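To start, the structure under review is shown below, and the notes come after it.
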Amino acid sequence: MASKKPVVAPSQTAIHWLMVTLTIIAIPHFFYQPVWVALIFLLMMSWRVMHSWRGWLLPADKRLLKVLHSISAVLTIVLVFYSYGVTIGRDAGVALLTTMAAFKIVEVKSLRDYYLSCFMGFFLVITHFFFNQSIPIVILMLVNVILLTSCLITANETDSSAKNRVKQASIMVLQATPLMLLLFVLFPRISGPIWGLPNDAMDIPDSLPDTMTLGEVPPRNSAISGMSDDITIGNISQLTQSDAIAFRVKFENNQFPDRQNLYWRGPVLWHTDGKRWLPLNEKQKKQDQVVQLHVTGKPTSYSITLEPHDRRWLFALDFPTTYPQTMQTQLTADGELNSREAIKQRVQYQLSSHHQYQFNPEMDGYLGYGLNLPDDRHPRSQRLARDLVEKSESSEAYIESVLDYFRQQNFSYSLTPPALRGDTIDQFLFETRQGFCEHYAASFTVLMRAAGIPARIVTGYQGGDINPVDQILTVRQRDAHAWTEVWLPNKGWIRIDPTATVSSNRVDFGIGDLLPAERRSPRAIANNDRLVEMWQSAKNNWDALNSAWDMWVVSYGPERQLDLLKKLGMQQPDWQKMISWLAIGIALIFSWIAWTTLRLKSASQDKSQRVYQQFCAKLARLDIVRQPHEGPEDFAHRAQQALPAYQQQIATISHLYLHLRYRGDAVEEAFFDSVKQFKPQL
Amino acid sequence: MLMLRQYWQRWRQQQRYRVFILPSRYGMSYAILILVMLLGAINYNNSLGHLLSFLLVGVGHVAMHHSYRNVRQLDYQLGHAEPKFCEQNILLPITFINQSPRPIRQLEMAYLASPSASSWWPFKKFSRYVAVYKAALIAADHNSLHLLPISTKKRGWQDLGRLRLSSVYPVGLLFSWFFIDINQRVLVYPKPIGNKPMPLPSAMEAGVAFQHQQGIDDFAGFHRYREGDARQHIAWKALARDGVLRTKQFSSPTGQSLMLQWQDVADLQDTEAKLSQLCQWILSADAAGLQYGLVMPNHTIDISHGEQHRHQCLQALALYGE
């Protein structure tokens with residue numbers, strides 16, 4: 001508004017409220033940010049606290065302090081650039097916002113500064129969602145918005161109690177939720193980004209590596225955190241540490257395949273230097289290669305909701321026969337399902353797969369890669385292969401004898417195998433004999449190639465947990481797995497999982513069965529079966545809630561919106577229809593809130609008082625207005641003089657009213673009727 | 001449809017004033033904040049960012065209703081302002097009436113002396129309003145009387161301007177207000193100032209018969225208080241005894257009276273100074289309980305006394321030359 005207002009200082013109460021609120025908002029960021037962000041924030045807050053408590057001077061009070069304050073603000077900005085680099089990404093932006101909000105609070109003097117600080121607070125609230133979009137963080141958002149609203153109220157009014165102001169803010173936020181929900185559902189969604197994202201725009205907590213290195217001991221308790229530096233890629237076993245969700249699967253008609261068939265194909269690894277395994281690079285991929293597939297049996301249809309992993313591959317049940325064209329999906333000749341763009345946000349896609357198939361049974365252009373072994377490596381393994389080949393009549397018999405070797409030679413499945421040095425394959429096959437899927441898949445592949453059978457490693461996930469509450473199968477990072485495919489003439493690529501040979505539990509019951517008990521339920525209740533069961537059921541419900549939340553709220557985007565609106569009965573939704581629905585909804589909500597806010601005007605008065613006011617209103621229309629100082633008797637007297645024709649009626653009404661109100665000895669209905677019949681005219 | 005229209009018209013009639021509402025400066029910033037947030041949410045495909053932006057839209061919308069309600073439930077009653085002397089403040093009684101079960105908070109009253117002055121920029125006039133009063137709270141079902149002081153610059157009739165009652169409660173993002181056109185004019189007497197001594201009272205002029213001239217010399221009994229009786233003649237002791245307001249009467253057989261004349265101030269150059277001097281004499285004569293009259297160049301007011309008479313004389317001074 002153009003009106004000039006004198007500089008109004010916000011009350012101390014308001015500033016204290018704001019400080020508490022900003023601190024509550026900033027706390028979650030301290031977990032992601034470097035320590036100095038928290039230190040600077042708390043330092044500035046304490047300065048203001050000391051000002052209120054001990055009367056310390058603020059920057060505005062002394063020139064020197066002002067200079068000091070400005071210099072430290074500039075130094076903090078430099079520090080942010082120094083730690084994060086010159087381009088302002090997500091983390092740098094949040095660090096900057098958090099510290100600057102703290103610097104601002106020390107110099108809040110006018111109402112303008114105060115509002116600016118509140119608005120910075122709103123911005124800090126939205127930054128939470130760049131790190132976490134779970135249900136608790138949304139509850140925190142509601143609390144924060146209530147607190148910030150109460151800060152705004154406090155700036156305008158300090159004479160009611162703090163409780164009342166928070167109550168008022170809660171009422172306002174509560175009344176705001178219908179419009180929020182309406183806009184959330186109906187506001188036409190545009191799929192971003194509009195102007196590009198900084199590199200650290202999202203968190204990739206864990207994901208399947210695209211290479212495999214054998215022999216490294218997985219570090220225990222490696223942090224599963226959002227800091228990009230901590231994401232270590234390269235070892236599948238490390239993923240068994242992580243309970244992060246890889247993807248969720250909803251099977252059509254809840255027809256779950258057998259556990260033995262739950263192999264989720266991911267990247268295919270071909271090349272090895274004896275230690276590392278790598279996929280084909282772009283140059284080696286032949287464009288003219290096609291997938292030849294013969295399938296039998298019924299397909300399984302399902303939809304996958306994939307968490308973002310910043311890679312292009314999509315997971316599919318072995319072996320996908322139909323896949324979506326929406327993401328420009330492509331099936332490579334080695335059976336990798338790839339999206340054109342890296343998956344940077346949660347995506348959902350429909351698939352169907354056949355469990356019985358023949359993959360490239362006649363010819364495969366990559367067979368040559370499937371025979372490569374590094375020269376002069378794994379001498380003992382090569383010798384073992386030669387021995388076994390001599391004893392076998394066919395390729396099939398050879399495969400069987402290698403699996404027998406695993407079965408008979410005291411191999412065991414372990415998530416914490418001894419470290420391997422030197423020739424890892426030889427050491428594993430002949431010395432340690434303890435390992436997990438990577439070890440078995442790699443050594444089996446080496447033995448196949450040594451015998452001239454084309455073989456490759458397929459990585460992905462195996463198994464998953466079915467939640468009985470919502471019938472959704474959740475595949476977590478810990479389900480990461482690696483197996484082998486061998487090519488046999490006229491049979492094509494055949495999946496062989498040597499790990500299952502050693503530890504059938506891995507496939508039959510999933511990795512969960514092999515994990516330490518405390519990963520499944522808290523140690524404190526581990527001995528009580530009933531408590532474990534209750535805990536499990538609570539966990540299932542919570543997981544189901546979260547997966548519904550992720551699907552319907554967090555990943556609510558343009559496609560989801562169209563889906564939902566179709567379900568709600570909108571035919572061929574487009575943005576014009578959304579806008580008109582939105583307009584109707586807004587009109588309804590507007591009227592509803594107007595009604596609830598204005599309705600109370602007479603609700604608290606009793607009925608006789610209300611009816612008496614109707615009587616006064618009838619007279620007021622004839623310009624006989626009851627003055628505030630006039631009692632009913634005086635008013636009646638004046639009205640009688642002005643309207644002699646209605647003397648009797650006015651007298652009756654006033655008499656009845658006075659008796660009703662002050663003596664309680666009149667009949668209400670008589671009063672109501674006489675007011676109703678009272679129709680004065682000049 | 002017809003019934004709806006009737007309801008609407010009746011409702012319009014009952015509304016004595018129209019409440020306007022616009023976002024304040026902070027409200028505009030709030031809107032920009034939401035817009036930036038929404039753009040960010042779209043850019044990052046962040047669903048919960050959308051949710052927060054929409055929640056803030058909702059809060060703004062609710063705030064609008066609350067702000068409107070806070071001002072809407074106020075009713076008012078204007079009293080009549082008494083004449084004042086120049087450079088004194090006119091006191092306009094205004095009663096704030098809150099019949100609703102909720103308190104009205106942070107009401108601000110601003111005054112615009114000359115609403116007729118126009119400007120091409122609609123908010124120009126808006127900014128000329130001067131804040132005159134701030135009520136932190138008008139409790140539920142309560143009235144509160146406030147005397148609004150309005151300054152006076154010159155004698156004569158003064159048209160009272162326009163009041164703007166506004167509030168930014170609850171969150172300061174919206175400014176809702178309504179106008180009250182006072183529609184009153186108040187007489188402003190000249191400023192009572194001057195250092196000339198008052199002419200001496202003289203005996204009654206011949207030809208005027210006084211049967212029982214009320215004067216100030218000898219006590220002659222009581223009569224019931226009438227408006228305009230000099231305050232120093234009220235029988236306070238009698239009031240304390242039986243609660244009846246009486247005025248002591250004095251008889252003044254010689255009939256001390258005073259004719260204040262335009263010629264008496266002829267030596268003053270400035271007309272306003274003359275008027276001020278006469279005004280001061282009238283007040284002194286009134287305070288002394290004298291009978292007095294006024295002779296102006298254009299008309300004469302006979303000797304009399306009392307409130308009504310005093311007002312008549314002062315009015316003649318106030319309107320001199322108009």
Side-chain angles (χ1 to χ4, degrees), chain A residues 1-4 111 115 119 122-123 125-126 129-130 133 137-138 141-142 145 149 152-153 155-157 159 168 172-173 175-181 183-184 187 189-195 197 201-202 345 553-557 589-590 593-594 597-598 600-601 603-605 617 621 627-628, chain B residues 13-14 22-26 29-30 33 37 39-63 65-66 68-69 72-73 77 95 97 99-102 105-106 110 121 123-124 126-127 129 131 136-137 140 143 168-173 175:
Chain A
M1 197 79 325
S3 67
K4 267 177 225 142
L111 208 54
Y115 270 84
F119 292 163
F122 281 120
F123 251 111
V125 174
I126 206 174
F129 299 140
F130 295 137
Q133 300 203 60
I137 217 83
V138 168
M141 169 195 94
L142 281 175
V145 171
T149 310
L152 295 183
I153 294 176
N156 290 289
E157 185 251 315
D159 55 319
Q168 164 91 5
M172 289 179 69
V173 171
Q175 286 180 329
T177 43
L179 187 59
M180 170 185 81
L181 295 176
L183 284 167
F184 186 79
F187 186 84
R189 293 302 184 90
I190 307 159
S191 107
I194 312 171
W195 66 81
L197 298 175
M202 52 164 188
Q345 48 183 300
V553 181
V554 179
S555 41
Y556 190 77
I589 289 172
F590 183 96
I593 292 179
T597 48
L598 295 173
L600 280 164
K601 199 166 184 175
S604 78
Q605 296 171 337
R621 248 170 272 151
Q627 302 298 310
Chain B
Q13 274 171 9
Q14 280 172 9
L22 275 179
S24 67
R25 200 155 47 119
Y26 303 123
S29 324
Y30 183 75
L33 168 89
M37 274 189 178
L39 281 177
I42 290 172
N43 194 47
Y44 282 77
N45 276 317
N46 194 310
S47 203
L48 295 188
H50 282 85
L51 196 74
L52 177 63
S53 311
F54 296 148
L55 181 63
L56 296 189
V57 172
V59 168
H61 171 243
V62 171
H65 284 279
H66 284 242
Y68 176 84
R69 194 253 316 269
R72 170 79 268 176
Q73 64 193 7
Q77 189 80 50
T95 313
I97 304 163
Q99 285 185 331
S100 75
R102 294 171 169 279
R105 291 179 183 282
Q106 302 299 315
W121 173 241
F123 292 116
K124 177 81 177 168
F126 215 85
S127 63
Y129 279 84
L137 178 85
N143 300 347
V168 293
Y169 183 80
V171 284
L173 302 178
F175 185 84

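Per chain, numbering begins at 1; letters A, B, ... match sequence-line order. Below, each value reflects all heavy atoms present in this structure, side chains not excepted, and no hydrogens, waters or symmetry copies. None of these values were measured; they are calculated from a predicted model.
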side-chain contact (heavy atoms from CB on, under 4.5 Å) with Leu39(B): which residues, sequence neighbours excluded? Ile194(A), Trp195(A)

Given that the side chain runs from C-beta out, which part of [X] has a heavy atom under 4.5 Å from chain B: side chain, backbone, both or neither?
X: Val173(A); value: both
X: Val145(A); value: side chain
X: Met172(A); value: both
X: Ala155(A); value: neither

Within this structure, what is the CZ-CG distance for the pair Phe184(A) and Leu48(B), rounded to the nearest 0.5 Å? 6.5 Å

Distance, nearest 0.5 Å, that separates CD of Gln106(B) from CD1 of Ile153(A): 11.5 Å

Considering all heavy atoms of both residues, which atom of Met37(B) and which atom of Phe123(A) are nearest to each other, and what is their separation? CE-N, 3.7 Å

For Arg189(A) and Ser47(B) the tightest heavy-atom approach is NH1-OG, 3.8 Å

Tell me which of these, [options], has more heavy-atom pairs under 4.5 Å with chain B than the rest.
options: Thr177(A), Ile589(A), Leu183(A); result: Leu183(A)
options: Gln175(A), Met141(A), Glu157(A); result: Glu157(A)
options: Thr149(A), Asn156(A), Leu179(A); result: Asn156(A)

Is there a side-chain contact between Tyr115(A) and Ser29(B) in this structure, where contact means two heavy atoms from C-beta onward sitting under 4.5 Å apart? no

Side-chain contact test, heavy atoms from C-beta onward, threshold under 4.5 Å: evaluate it for Leu152(A) versus Tyr26(B) and give yes or no. no

Contacting moiety of Tyr129(B), where chain A heavy atoms sit under 4.5 Å: neither

Please list every donor-acceptor pair under 3.5 Å in which a side-chain atom of residues 51-63 of chain B meets a protein atom from a residue at least two apart or in another chain.
unit_1   : atom_1 : unit_2   : atom_2 : d
Ser53(B) : OG     : Gly49(B) : O      : 2.8
His61(B) : NE2    : His65(B) : NE2    : 3.2

